[in-house]
Asker: 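Below you will find the structure I want to go over with you.
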Amino acid sequence: MIKILLVDDHVLIRKGIALLLGNYPDITVVGEASDGEEAIQLAYQTEPNVILMDISIPNGLDGFTATKEIKKNLPEMKVIMLTMHNEIAYIQQAMEVGADGYILKNSQGGEMYEAIQSVYTGRRYYEVGLPREQIEKLFKKKRKNNPDILSTREQEIVRLTILGFTNMQIAEKLFISAKTVENHKANIMQKLHLNNKAELIQYGITNKYIT
């Protein structure tokens with residue numbers, strides 16, 4: 001069962017989305033928030049798998065700020081920006097704050113369900129009417145412009161991964177458990193919006209993690 005938190009300042013929109021998602025037996029709405037502060041609070045309280053986050057919230061924290069805070073403290077939680085804006089500037093900002101997905105409010109129910117399934121399984125979902133190549137370029141630009149987004153420990157794990165060390169070997173070198181290495185790698189992939197080891201290695205080489 002995929003747990004969903006809905007964030008939108010309009011009650012009717014939240015209820016409409018909840019009604020739509022009620023058609024899918026593997027999805028349950030565990031909470032609704034009307035602003036960014038409430039979204040952060042409910043993220044801790046209800047522990048959703050996926051948050052559907054509106055961008056334009058007039059009162060309190062906006063969707064971007066709330067998303068950044070949630071991804072900083074709860075990186076395993078997935079966030080999909082749900083908005084009427086399809087301008088490049090909004091999409092780039094969503095990428096900057098770590099949103100896992102971005103869909104428009106006029107999307108069909110099936111697309112929303114697909115977006116939820118995608119981010120829940122670790123993939124990103126940015127379907128905003130732009131060519132896929134353009135979306136990939138935006139992500140590459142984001143990664144290139146943020147070489148210091150990783151912690152010192154995460155950078156070391158990237159470096160050792162590029163050098164061909166297994167999780168167990170990395171754990172032994174850093175005096176941590178293999179499970180901790182796996183968790184670090186998951187967080188790294190999340191922060192950088194990468195999908196596999198090959199992309200991680202390419203990122204490390206591009207950003208000169210090894211010389």
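Computed from a prediction, not measured in an experiment: that's the story for all the values here.
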Asker: Would you say that Leu174 contacts Arg153 through its side chain, given a criterion of any heavy-atom pair below 4.5 Å between the two side chains?
Answerer: yes
Asker: At their closest point, which heavy atom of Thr180 faces which heavy atom of Ser177, and how far apart are they?
Answerer: OG1-OG, 2.8 Å
Asker: Go through Lys15 and Glu32 one step at a time and tell me if the salt bridge (charged side-chain N to carboxylate O under 4.0 Å, His left out) criterion holds.
Answerer: CA-CA 9 Å; Lys15 297 304 180 185; Glu32 297 181 19; 3.4 Å; yes
Asker: Decide yes or no on side chain to side chain contact (heavy atoms under 4.5 Å, CB included) for Glu199 and Asn196, but give the supporting numbers first.
Answerer: CA-CA 6 Å; Glu199 290 186 3; Asn196 52 53; 3.3 Å; yes
Asker: Would Glu76 and Asn183 count as a side chain to side chain donor-acceptor pair (under 3.5 Å) here? Give the steps.
Answerer: CA-CA 10 Å; Glu76 74 285 353; Asn183 291 337; over 6 Å; no
Asker: For the side chain of Arg124 and the backbone of Gly101, is there at least one donor-acceptor N/O pair under 3.5 Å apart?
Answerer: no
Asker: Measuring from Gln190:CD to Ile188:CD1, what's the distance to the nearest 0.5 Å?
Answerer: 12.0 Å
Asker: How is the hydrophobic cluster of Val30 composed, in terms of its other members, when Ile, Leu, Val, Met, Phe, Trp and Tyr link through side-chain heavy atoms under 4.5 Å apart, directly or indirectly?
Answerer: none
Asker: Under the rule for salt bridge (charged side-chain N to carboxylate O under 4.0 Å, His left out), what residues qualify as partners of Lys71, not counting sequence neighbours?
Answerer: Asp100
Asker: Output a table of donor-acceptor pairs, distance under 3.5 Å, between side-chain atoms of residues 36-45 and any protein atom two or more places apart or on a different chain; print 'none' if there are none.
Answerer:
from: Glu37; atom 1: OE1; to: Leu61; atom 2: N; distance (Å): 3.1
from: Glu37; atom 1: OE2; to: Leu61; atom 2: N; distance (Å): 3.4
from: Glu38; atom 1: OE1; to: Ser34; atom 2: N; distance (Å): 2.9
from: Glu38; atom 1: OE1; to: Ser34; atom 2: OG; distance (Å): 3.1

Asker: Under a 3.5 Å distance rule, please check whether Asn49 uses its side chain to pair with a backbone N or O of Lys3 as donor and acceptor.
Answerer: yes
Asker: Please answer whether the main-chain N or O of Gly63 pairs with a side-chain N or O of Thr67 as donor and acceptor at a distance below 3.5 Å.
Answerer: yes
Asker: Quick one: do Leu104 and Met84 satisfy side chain to side chain contact (heavy atoms under 4.5 Å, CB included)? Show the steps, please.
Answerer: CA-CA 5 Å; Leu104 302 178; Met84 293 300 296; 6.0 Å; no
Asker: If every non-hydrogen atom of Asp54 is compared with every non-hydrogen atom of Ser56, which pair is closest and at what distance?
Answerer: OD2-O, 3.2 Å
Asker: Minimum heavy-atom separation for Phe64 to Ala94, with atom names?
Answerer: CE2-N, 3.6 Å
Asker: Could you note down all residue pairs passing ring-ring contact (aromatic ring centres under 6.0 Å, His included) where residues 66-96 supplies at least one of them, sequence neighbours left out?
Answerer: His85-Tyr90
Asker: Any carboxylate oxygen within less than 4.0 angstrom of a Lys/Arg side-chain nitrogen, looking at Glu156 and Arg159?
Answerer: yes
Asker: Clusters formed by hydrophobic residues whose side-chain heavy atoms approach within less than 4.5 Å: which one holds Tyr113, and what are its other members?
Answerer: Ile2, Ile4, Leu6, Ile13, Ile17, Leu20, Leu21, Tyr24, Ile27, Val29, Val50, Leu52, Ile80, Leu82, Ile103, Met112, Ile116, Val119, Tyr120, Tyr125
Asker: Which atom names give the shortest non-hydrogen contact between Met81 and Ala99, and what distance separates them?
Answerer: CG-CB, 3.6 Å
Asker: I need the Leu192 CG to Tyr203 OH distance, nearest 0.5 Å.
Answerer: 4.5 Å
Asker: What I'd like to find out is whether the side chain of Ile162 reaches to under 4.5 Å of the side chain of Leu200, using heavy atoms alone.
Answerer: no
Asker: Hey, is the main chain of Thr166 close enough, under 3.5 Å, to the side chain of Gln169 for a donor-acceptor pair?
Answerer: yes
Asker: Using a 4.5 Å cut-off on heavy atoms from C-beta on, say whether the side chain of Ile70 contacts that of Met53.
Answerer: yes
Asker: Heavy atoms only: give me the nearest Gly122-Lys78 pair and the separation to one decimal.
Answerer: CA-NZ, 4.4 Å
Asker: Honestly curious: do Val158 and Met168 fall in one hydrophobic cluster under the side-chain, below-4.5 Å linking rule?
Answerer: no
Asker: Could you walk me through whether Lys185 and Asn167 pass side chain to side chain contact (heavy atoms under 4.5 Å, CB included), step by step?
Answerer: CA-CA 9 Å; Lys185 282 189 174 181; Asn167 286 354; 2.7 Å; yes
Asker: Could you report the tightest heavy-atom contact between Asp35 and Val7, atom names first, then the distance?
Answerer: O-CG1, 4.1 Å
Asker: Assess whether a salt bridge exists between Asp8 and Lys105, defined as any Lys/Arg side-chain N lying under 4.0 Å from an Asp/Glu carboxylate O.
Answerer: yes
Asker: Of all residues at least two apart in sequence or in a different chain, which pass the salt bridge (charged side-chain N to carboxylate O under 4.0 Å, His left out) check with Glu154?
Answerer: Lys191
Asker: Quick one: CD on Glu47 to CG on Leu5, what's the gap to the nearest 0.5 Å?
Answerer: 12.0 Å
Asker: How many angstroms lie between CG in Asp62 and CD1 in Ile55, if you round to the nearest 0.5 Å?
Answerer: 8.5 Å
Asker: Could you please spell out the steps behind the side chain to side chain contact (heavy atoms under 4.5 Å, CB included) verdict for His184 and Val181?
Answerer: CA-CA 5 Å; His184 276 304; Val181 174; 5.6 Å; no
